[in-house]
2 protein chains.
Amino acid sequence: MNPATANIEEAILSAILAGRINPGTRLGEQKLADLFGVSRTRVREAMMRLETRGVVQVSARRGWYVVEPSAEEAREAFQTRRIIETGLLHSLREVPPDVLKSLKEHVAMERDAIGAGDVHSRACLLGDFHIHLADALGNRMLTEIIRDLTARTTLISMLYQPTEKAEESSHDHEDIVAAMEAGDLAGAARLMDEHIGKVEAGLDLTAKPDPLAGLRALLSPAAFAGNAPSVPHTHVHPQDHSHSHSHGHPATKED
Amino acid sequence: MNPATANIEEAILSAILAGRINPGTRLGEQKLADLFGVSRTRVREAMMRLETRGVVQVSARRGWYVVEPSAEEAREAFQTRRIIETGLLHSLREVPPDVLKSLKEHVAMERDAIGAGDVHSRACLLGDFHIHLADALGNRMLTEIIRDLTARTTLISMLYQPTEKAEESSHDHEDIVAAMEAGDLAGAARLMDEHIGKVEAGLDLTAKPDPLAGLRALLSPAAFAGNAPSVPHTHVHPQDHSHSHSHGHPATKED
DNA sequence: GCTTACAGGCTTGTATACAAGATTGTCGCC
DNA sequence: GGCGACAATCTTGTATACAAGCCTGTAAGC
């Protein structure tokens with residue numbers, strides 16, 4: 001593949017996995033082209049590849065947007081991950097020592113990142129655990145699949161997750177590795193199932209399927225006619241999709 | 001997505017699943033563009049999407065080729081399918097009656113196609129069973145994943161399969177459905193594992209990593225100088241194949 | 001004052017032109 | 001006669017130009 005195209009693709013996917021790009025973010029072709037110093041052609045290539053991988057979508061003549069999975073798609077993504085990752089653990093007969101070592105090191109890194117409060121690194125590592133697991137098997141196809149799925153569930157978490165439970169996730173990972181070390185693969189699979197289930201259960205899938213959620217919350221208390229003057233038109237389109245949730249998204253959780 | 005682009009992509013993928021396109025086939029951009037009545041741009045889009053899905057590959061400034069999975073990739077593909085499809089069956093608690101009905105009908109169609117000797121339809125249906133299974137769960141993501149994997153294993157079978165065992169496969173499918181109907185999902189998963197294992201075991205993964213295999217077979221009996229004059233040229237290009245699809249795959253021989 | 005029609009700007013969609021590289025067929029040389 | 005270099009041809013790689021459509025801001029009409 002083209003090095004430049006691959007770089008764009010990889011850069012965007014990595015940014016998503018690290019939680020640096022929010023769902024719904026608009027990715028303008030020309031803007032990306034300038035950013036990477038290439039022409040729109042290459043950017044379009046990368047975008048189309050990412051579209052087939054399920055992480056961006058094109059809206060006709062409007063632009064490319066990072067996907068905002070619906071509640072239904074969220075359920076599918078988690079179901080798919082459960083199936084694949086438990087299937088993976090079940091398929092193992094034994095775990096090579098070097099794989100165990102590598103996984104333990106990874107969990108240690110998770111704890112460090114959590115302790116250091118590095119939110120991007122943390123999100124990246126937590127997702128990466130699952131990718132690492134597949135990779136340790138030496139199966140690149142599976143790794144790619146899980147990587148794409150993880151990108152999607154990361155976006156889902158950003159959309160629907162009211163609370164972050166990084167410590168709990170890392171602890172789950174630790175338990176899974178412990179079960180693997182004990183040779184209890186079935187137990188590890190069960191723990192993995194529960195782990196993914198917990199992450200899914202921690203989401204509020206009824207809450208934020210639309211970008212108006214924040215606004216809707218303002219409206220529902222019937223405080224609409226209260227004091228805020230002419231809220232509707234002026235505030236529905238603050239700027240535009242591209243800049244609207246450009247950065248300060250994660251601040252809106254759990255209150 | 002674009003309708004035309006999607007059509008090209010789908011047409012080629014379907015053709016692969018039906019065994020109508022051989023691994024290693026060259027897919028020229030202009031030729032496809034003429035065929036579908038569009039410009040090269042659209043063809044390139046479709047090709048890049050298919051490349052992302054792992055069914056074609058581009059060789060720089062030489063053309064697009066249907067992938068010829070190596071023995072290693074073949075093992076990975078089967079391993080991945082085993083993991084996912086057994087994981088799928090394990091994840092089920094019960095099978096809805098309409099799904100069972102649909103699967104039974106599918107198996108019946110397989111038998112019909114086998115009886116009728118329709119080789120393309122048969123190949124398509126045998127692969128489609130697995131796709132159908134995921135689809136019946138209502139999980140489109142999983143369906144897409146399995147579809148792509150099935151395309152690859154279909155190509156692998158075309159490359160390495162010395163014998164076709166359509167009846168046996170169909171019979172396996174029947175057994176799997178029967179186990180599902182009996183509510184024995186664990187048993188169904190085991191049967192699925194064995195089924196995929198059987199298909200994999202039926203291959204000769206040491207035999208045909210290179211496109212010269214047929215030629216090599218002619219050379220080895222040392223009958224080369226015997227009586228057939230200038231055999232090589234006439235038989236290397238049986239029909240049009242565009243040209244020789246002998247793009248220098250590094251993994252040529254093994255012995 | 002509010003609604004509706006319209007125009008301008010901006011973004012993607014598509015085709016085409018040209019550049020770069022690879023393969024192949026041919027000619028000259030040894 | 002065999003081998004190597006060269007040129008013609010074909011194919012993809014990349015950029016750019018133009019067309020088409022959406023969004024937004026403005027102005028006119030009710």
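Worth knowing before you read on, the calculation uses all heavy atoms, side chains too, and leaves out hydrogens, waters and symmetry mates. A note on names: the letters A, B, ... follow the listed sequences, proteins ahead of strands, and every chain is numbered from 1.
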> Could you go step by step and tell me if Glu10(A) and Arg147(A) meet the salt bridge (charged side-chain N to carboxylate O under 4.0 Å, His left out) rule?
Replying inline: CA-CA 11 Å; Glu10(A) 186 55 31; Arg147(A) 193 173 156 87; 2.4 Å; yes
> How long is the gap from CE on Met141(A) to CD on Glu144(A), to the nearest 0.5 Å?
Replying inline: 10.5 Å
> Nearest-Å distance, CD (Gln57(A)) to C1' (dT11(C))?
Replying inline: 17 Å
>> What is the distance, to the nearest angstrom, from the CZ atom on Arg26(B) to the C1' atom on dA22(C)?
In response: 11 Å
> Can you check whether Arg62(B) has a side-chain N or O nearer than 4.0 Å to OP1 or OP2 of dG21(C)?
Replying inline: no
>> In this structure, how many angstroms lie between the P atom of dG13(C) and the CE atom of Met48(B), rounded?
In response: 13 Å
> From dG13(D), dT16(D), dT12(C), pick the nucleotide closest to the side chain of Arg61(B)?
Replying inline: dG13(D)
>> Between Arg42(B) and dT14(C), is there a contact of a side-chain N or O with OP1 or OP2 at under 4.0 Å?
In response: yes
> For Arg44(B) and dA17(C), what is the distance between atoms CZ and P respectively, to the nearest whole Å?
Replying inline: 17 Å
>> Pair Glu73(A), Arg140(B) - check salt bridge (charged side-chain N to carboxylate O under 4.0 Å, His left out), show working.
In response: CA-CA 9 Å; Glu73(A) 287 167 331; Arg140(B) 275 160 302 179; 5.8 Å; no
>> Taking only side-chain N and O atoms of Ser39(A), does any of them lie within less than 4.0 angstrom of OP1 or OP2 on dA15(D)?
In response: yes
>> Side chain of Trp64(B), heavy atoms from C-beta onward: which of dT16(C), dG13(D), dT11(D) has the nearest atom to it?
In response: dG13(D)
> Phosphate oxygens OP1/OP2 of dA15(D): is one of them under 4.0 Å from a side-chain N or O of Arg40(A)?
Replying inline: no
> Separation of Leu32(A) atom CG from dT12(C) atom P, in whole Å?
Replying inline: 9 Å
>> Once you apply a heavy-atom cut-off of 4.0 Å, does Val38(B) come out as touching a base, just sugar-phosphate, or nothing?
In response: nothing
> Does the side chain of Tyr160(A) come within less than 4.5 Å of Thr206(A)'s, by heavy atoms?
Replying inline: no
> Using 4.0 Å as the upper bound for N to carboxylate O, is an ion pair formed by Arg81(B) and Glu200(B)?
Replying inline: no
>> Nearest whole Å is fine: how far is dT11(C) P from Leu27(A) CG?
In response: 13 Å
> Could you state the CD-C1' distance from Gln30(B) to dT16(C), rounded to the nearest angstrom?
Replying inline: 11 Å
> Rounded to whole angstrom units, what separation is found between the CD atom of Glu45(A) and the C1' atom of dT12(C)?
Replying inline: 16 Å
